[in-house]
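All of these numbers come straight from a predicted model, not from anything done at the bench.
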Number of protein chains: 2
Amino acid sequence: MAGNHDLSTLVHECADCPIRHRAVCARCESDELARLEQIKYYRSYQAGQTVIWSGDRMDFVASVVTGIATLTQTMEDGRRQMVGLLLPSDFVGRPGRTTAAYDVTATTDLVMCCFRKKPFEDMMTATPHIAQRLLEMTLDELDAAREWMLLLGRKTAREKIASLLAIIARRDASLKLRSAKGNIVFDLPLTREEMADYLGLTLETVSRQMSALKKDGVIELEGKRHIIVPNFDALMEETGDDSDGGFLV
Amino acid sequence: MAGNHDLSTLVHECADCPIRHRAVCARCESDELARLEQIKYYRSYQAGQTVIWSGDRMDFVASVVTGIATLTQTMEDGRRQMVGLLLPSDFVGRPGRTTAAYDVTATTDLVMCCFRKKPFEDMMTATPHIAQRLLEMTLDELDAAREWMLLLGRKTAREKIASLLAIIARRDASLKLRSAKGNIVFDLPLTREEMADYLGLTLETVSRQMSALKKDGVIELEGKRHIIVPNFDALMEETGDDSDGGFLV
DNA sequence: TTCTTCGGTTGATCTGCATCAAGGCAGATC
DNA sequence: GATCTGCCTTGATGCAGATCAACCGAAGAA
């Protein structure tokens, strides 16, 4: 029954997860913690493995511990659109709904901390803070989705790529340290095709724009995936967003 | 202190609103109702008027009573993307945030039922069902936003138009009756430009595709705004979605 | 070793939608 | 009545990104 309580942010640190479950309450009383410990379990997935298919019965909710997962929608003729990128600490699943609305896929090796839905819902009823915390998180996700609508509807291919890189850089930078020179350095967790699915582009266009950003010195590439951002502001310039941040977390 | 309680759907009918506030609780105890009555007030806006600007201080949450409002994001160079369409009974505003994230505009004459944020938040804390109901609604909105991401990222102009018409037809049909012949008939609440902002298109393309759908007999047009859908299934065919519904509410 | 596969790059060409431009119609104002 | 303004339509043209296609290099597998 270890686990720290971060009262200020209403976040609960799971006993043996390396990261916080952002989903899970909240001014923790130790008996709530104990209940959480009892109903949780872990699942691992290999890179490329499907966690759940759209339409499948989904009797758990979960929080990403390590690795990256994606939410994707597919049209009958095969057109695909990614609608969510799940990084460590992100929450999946929907209390009150029994089937999955999207394909959930592990793009890297993935560990999730799961809670069976029924006990989790019971806990939500018993512990009002959990519903409030979930509401807060869902509103954040809604904001992010709407930001993404602007990207999909109105940004150019170059702006789309820059925006995606900026998001990943920012999320990643909050976990890791910067390189000695103050550069932001990270590994792309997505293939060119996955990037395309996220951005509403083709993989060829993604590849071309990556090359263009490299040629223009906005990013440096080592191999296919390792990205160096020498100047984050210069990258932000390319996103088309107002300079003052915009994208959340 | 009139107001019916619809316990099954956790919806509260406002005493003098003609419609339900979907936002507002929830296995109503009459003293909760009384509190709600005390903190609510009404505001009217004319068509075209801005309810609130992105970045402004927003010290209320609200529910649309009559009319239609939109949520819009604008880039520095003027590119605009609508990210939400608020029909009667939809909820605006975000407990726990003090500034508006989007421009909210009345596209028709609009009446909103408002609650000052602080008392509303207090009530949320005191009445757990409200948070749960809000969570439910927010998750629905998130699903709708993700559906829209698919539209913006992957659908053709024709599919986009058909999808928008299908959504409005469906929302509208649930309020009104069908015409004698079983057609769905409604008035477009948006200008061509607003449709374009919603769909990530230009107004010219919207106009052209509307003409094309008319030429192909998918819709009939009386004047610019009055739409007749002789065969809803035929319209759904054009959306690119799986036949079984897809779009929510 | 060679062959295959997977992820990625780059070139040539095509096309759907944007852009630029002209005009039409209905309702308001003078 | 004439004129204006807001909303819409239609045509001509341009271009960003899609599509089709060839090829590259690295990592396995035979």
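- With a cut-off of 3.5 Å on both Watson-Crick or G-U wobble distances, the partner of D/dA12 is given as C/dT19.
- Between B/His226 atom NE2 and D/dC7 atom P the separation is 20 Å, expressed in whole Å.
- At whole-Å resolution of the value, CD in A/Glu193 and C1' in C/dC6 are 11 Å apart.
- In this structure, A/Thr202 does not reach the D/dG17 phosphate: none of its side-chain N or O atoms is under 4.0 Å from OP1 or OP2.
- What separates CG of B/Leu221 from C1' of D/dC8 is a distance of 11 Å, to the nearest Å.
- Residue-level contact check: B/Gly200 touches the backbone only, with heavy atoms under 4.0 Å from sugar-phosphate atoms and none from bases.
- The interatomic distance linking B/Gln81 (CD) with C/dA18 (C1') rounds to 15 Å, in whole Å.
- The base of C/dG11 sits with one of its N or O atoms less than 3.5 Å from a complementary donor or acceptor on the side chain of A/Arg208.
- Atom pair A/Leu199:CG and D/dA16:P shows a separation of 18 Å (rounding to whole Å applied).
- Taking side-chain N and O atoms only, A/Thr205 has a distance below 4.0 Å to OP1 or OP2 of D/dA18.
- Regarding B/Leu203, its CG atom lies at a distance of 10 Å from the P atom of C/dA18, rounded to whole Å.
- Side-chain atoms of B/Trp148 come within 3.5 Å of backbone N or O of B/Tyr198 as a donor-acceptor pair.
- Among A/Arg79, A/Arg80, A/Gln73, the single residue meeting the side chain to side chain donor-acceptor pair (under 3.5 Å) criterion with A/Asp197 is A/Arg80.
- A straight line from CG of B/Leu190 to C1' of D/dC8 spans 15 Å, rounded to a whole angstrom.
- Heavy atoms of B/Leu201 sit under 4.0 angstrom from primed sugar atoms or phosphate atoms, though from no base atom.
- At a threshold of 4.0 angstrom between heavy atoms, the contacts of A/Thr191 are confined to the sugar-phosphate backbone, with no base atom among them.
- A/Arg225 comes within contact range of the sugar-phosphate backbone alone, with a heavy-atom separation under 4.0 Å but no base atom that close.
- Looking at B/Glu204, its side chain comes within 3.5 Å of the base of C/dC20 through a donor and an acceptor atom.
- As rounded to whole Å, 17 Å separates atom C1' of D/dC8 from atom CD of B/Glu222.
- A 4.5 Å side-chain heavy-atom check between A/Asp143 and B/Arg97 finds at least one atom pair inside the cut-off.
- With hydrogens and angles ignored, the 3.5 Å screen pairs a side-chain donor or acceptor of A/Ser211 with a backbone N or O of A/Ser207.
- Regarding contacts with the backbone of D/dT10, a side-chain N or O of B/Ser211 is found under 4.0 angstrom from either OP1 or OP2.
- We find that B/Arg146 and A/Glu141 are joined by a salt bridge, their nearest charged nitrogen and carboxylate oxygen being less than 4.0 Å apart.
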